[in-house]
Amino acid sequence: MPTLTEHARNELAALTEAGRMRQLRGSTVEGGYVIRNGKKLLNFAGNDYLGLSQHPSVRAAADTMAGATSSRLVLGEHSHYALLEKDLAAYHGQEAALVFSSGYTANLGVISALLEPADLILSDKLAHASMLDGARLSGAVLKRFRHNDLAHAEALLKEHRRTHRRCLLMTEAIFSMDGDAAPLSELAALAMRYDAWLLVDAAHALEPLPIVPDLLLGTLSKSFASLGGYVAASRPVIDLLIATARPLIFSTALPPGVVAAAHAALQVAKAEPERGARAWALARRLAAHLNLPMPAAAILPIPVGGNAEALRLAQALEERGFSVAAIRPPTVPPGTARLRVSINALHSESQIDALAEAIHAEQAALKDAR
Ligand SMILES: *Cc1c(COP(=O)(O)O)cnc(C)c1O
């Protein structure tokens, strides 16, 4: 057996060979810009869709980052939690909500608390890693249907539903790496017809959903410019989760300033719904420039294919002053590496146009190099 350090070196070499190496790179976000290696880049990589991370009321609310020092069930239950949860529930048309330390742990906690090995989970193939990890942790049988393919979802329900006790159907409202929307009403009807519960992760949605699913998952870390995740559902479901969701019970509460900042961001989002509409309009503007399908929200994927090419394109854009994320497997399926442009309400039309021009030029250069 190799030593652990040798094992790590071997694995790193294999990841590098496959173009799957990941490294942490220091960045400072300042206003709409990212400072990296002393260079100021226009930020098209963060998920601050509503531009609220710079809002004065959000910044003022984050007055103390002192830690909560215990779980919510011990001493961590600061009064900001109740205010935030009441407003999150109302925002989504649900009875109650429950905040976790992140969207990732919200999905882990909710899915693993409600489903067991005798149960069935049906998931869209492109659903976020945190949903899949929650499904794995629950021990339930997991089947994945082709992306947004209702007929395939129904075929799997027909085949497997009867032999399982409970069933959860799960999807994202807006897909994080593709920017398209799920057919929510149709999925809700399917869940009803096959006696399944519906979970919708709305992390990238710019506004409340057109349906009220059994479980609405969300994050406070993107549009709400803070940190944390939440589930909104009926009161009894939330009470059950408080008593049984392990990431809530066995992890320390968020610092009060973090919860207050999310609450302040939610107030601005509700008072200024035009922010989401503007981010979406800018994303459509960029899509039109690049001849790409219209996105359903503020995320625009630019298909590339190869891992190395995606990295090279992102690097070239960085040299031109734009920070855009290169997304590679396993975040997306093999062979579908892409650039992922994230747009926010504070971008200007001319910044969008400049980005489109830079992408055009670099795509042409890449083609010439082939
Ligand atoms: C980002 C994301 C999460 C995780 O949320 P965090 O608060 O960042 O942990 C969960 N689901 C989806 C769809 C996401 O995009």
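Ligands are counted one by one from 1 in listed order, and the atoms in each one are counted from 1 as well.
In this structure, atom 14 (C) of ligand 1 lies nearest to the protein heavy atom Lys222 NZ, 2.9 Å. With hydrogens left out, the protein atom closest to atom 5 (O) of ligand 1 is Gly103 CA, 3.3 Å, a heavy atom. Atom 11 (N) of ligand 1 has Asp201 OD2, 2.6 Å as its closest protein atom, hydrogens excluded (heavy atom only). Protein heavy atom in closest approach to atom 8 (O) of ligand 1: Ser221 OG, 4.0 Å. Nearest protein heavy-atom contact of atom 15 (O) of ligand 1 is His204 NE2, 2.5 Å. If you check which protein heavy atom lies closest to atom 4 (C) of ligand 1, you get Tyr104 N, 3.5 Å.
A heavy-atom separation below 4.0 Å is found between Gly228 and ligand 1. Within the structure, ligand 1 lacks Gly229 among the residues with a heavy atom less than 4.0 angstrom away.
Within ligand 1, counting atoms from 1 as listed, the ones closer than 4.0 Å to a heavy atom of Thr219 are 5 (O), 6 (P), 7 (O). The ligand atoms of ligand 1 that sit less than 4.0 angstrom from a heavy atom of Ser130 are 10 (C), 11 (N). Remark: ligand 1 atoms within the under-4.0 Å shell around heavy atoms of Ser176 are 15 (O).
When only modelled atom types and interatomic distance are considered, Arg25 and Ser27 share no side-chain donor-acceptor pair under 3.5 Å. Residues His204 and Asn47 have side chains that never bring a donor and an acceptor to within less than 3.5 angstrom of each other.
Hydrophobic clustering (side-chain heavy atoms under 4.5 Å, transitive across Ile, Leu, Val, Met, Phe, Trp, Tyr) keeps Ile302 apart from Ile299.
Annotation: side-chain hydrogen bond (donor to acceptor under 3.5 Å, both in side chains) contacts involving residues 253-264, sequence neighbours excluded, comprise Asp87-His263, His263-Gln267.
For Phe175 and His128, the ring centers sit 6.0 Å or farther from each other. Proximity of the aromatic rings of Tyr230 and His92 is defined here by a centroid distance below 6.0 angstrom, and this criterion is met.
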For a quick test of your reading: what N or O donor-acceptor pairs under 3.5 Å do the side chains of residues 236-260 make, sequence neighbours left out?
| unit_1 | atom_1 | unit_2 | atom_2 | d |
| --- | --- | --- | --- | --- |
| Asp239 | OD1 | Arg235 | NE | 3.2 |
| Asp239 | OD1 | Arg235 | NH2 | 3.0 |
| Thr244 | OG1 | Leu240 | O | 2.7 |

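Considering backbone and side-chain atoms together, Glu172 places no N or O closer than 3.5 Å to any N or O of ligand 1.
With hydrogens and angles ignored, the 3.5 Å screen pairs a side-chain donor or acceptor of Arg161 with a backbone N or O of Asp195.
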